[in-house]
Amino acid sequence: MTEPIIVGNWKMNTNVSEAVHLAQQIRQAAEQSGVDHQCGIVLCPPFVNLSAVGNCLRGSTIALGAQNCWIEPYGAFTGEISAAMLRSVGCEFVIIGHSERRTIFHEDDALIRQKMLRAWEESLVPILCVGETLHERQLHRTWNVLESQLEQLLAIEERRNPWVCAYEPVWAIGTGIAAEPPQIEQAHAFLRALLDAHGCTHVPILYGGSITPTNAVALFSVPNVAGGLVGGASLNADSFVHIIAASIHARATNR
Ligand code: 13P
């Protein structure tokens, strides 16, 4: 996929008509400004809106992604959605291990590893989220946390498949307080070295956490930041396309 990569995680927002409207607005603004050919763009609406958003994106360069999947292909797992189902509605990407899944739904690294394997089995590109809590940062445990979140994955052969890593410090998500560029630089350098040492030079590392049109250029200018995972600001077409344009600008000026 073209870098930079900007992923919109809509979380549990939009009903079907709002989702269609937002996807249409994003597509139109991206195509009119020409950013759709200079950036990898992925929209991740809630499950029930995937088909409708997929229809809006048909024939565009904008890809469809989901926010989660289950580890089995089918069966008695009430309330869950399989990677094969996501593939069948046109998804190319799936977010795995978001901090909200880890904390609210108690997903651990072993389950997340299984989800990654299932996503690959269905030829989806997983976007794996990692990141420390404020408490862990204050205890100077950031590097241990990031390493342990990646440990199981970096031990398996499948790591050579396509995937994306997203550094999302938990304390920066939805708080309006993005990490500072030096903090992002350190974390991304750490992750880059860790991934490279395990034969994952092909894995782009995105930053996520309170990205806005105002801070986007500064955040995307940080070395080893290949793009962004955007929550709140992806629910507004103007803001989201502004962030896409910022990522392209940052890449062009820092090359
Ligand atoms: P915000 O951009 O709303 O902080 O959310 C970030 C995020 O969790 C994206 O996955």
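This chain uses plain numbering: 1 for the first residue, then up along the sequence. Indexing begins at 1, ligand by ligand and atom by atom, following the structure's order.
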Donor-acceptor pair, side chain of H198 and main chain of L154, under 3.5 angstrom: no
Under 3.5 Å side-chain donor-acceptor pair for H98 and Q67: no
Side-chain donor or acceptor of R159 paired with backbone N/O of L153 under 3.5 Å: no
Heavy-atom gap A172 to ligand 1 smaller than 4.0 Å: yes
N/O donor to acceptor pairs below 3.5 angstrom from side-chain atoms of residues 138-147, sequence neighbours left out:
none

N or O pair under 3.5 Å between G174 and ligand 1: yes
Contact check: E100 vs ligand 1, nitrogen or oxygen atoms, below 3.5 angstrom: no
Atoms of ligand 1 close to N9 [distance to a heavy atom under 4.0 angstrom, numbered from 1]: 9 (C), 10 (O)
Heavy atoms of other groups near H242 NE2, more than 12 under 6.0 Å: no
Shortest protein contact, atom 2 (O) of ligand 1 (heavy atom only): G231 N, 2.9 Å
Check: V230 N/O within less than 3.5 Å of ligand 1 N/O: no
Shortest protein heavy-atom distance from atom 3 (O) of ligand 1, along with the residue and atom involved: G232 N, 2.8 Å
Identity and separation of the nearest protein heavy atom to atom 5 (O) of ligand 1: K11 NZ, 3.3 Å
Element-labelled atoms of ligand 1 that are located less than 4.0 Å from some non-hydrogen atom of H98: 7 (C), 8 (O), 9 (C), 10 (O)
Sub-3.5 Å N/O-N/O distance, T175 and ligand 1: no
A233 to ligand 1, any heavy atom closer than 4.0 Å: no
Closest protein heavy atom to atom 9 (C) of ligand 1, given as residue, atom name and distance to 0.1 Å: E168 OE2, 2.9 Å
Aromatic ring pairing W163/W120, orientation class (parallel under 30°, perpendicular over 60°, tilted between): perpendicular
Heavy-atom check, side chain of L117 versus side chain of I156, under 4.5 Å: yes
Candidates H135, R137, E136 - the one meeting side chain to side chain donor-acceptor pair (under 3.5 Å) with T133: E136
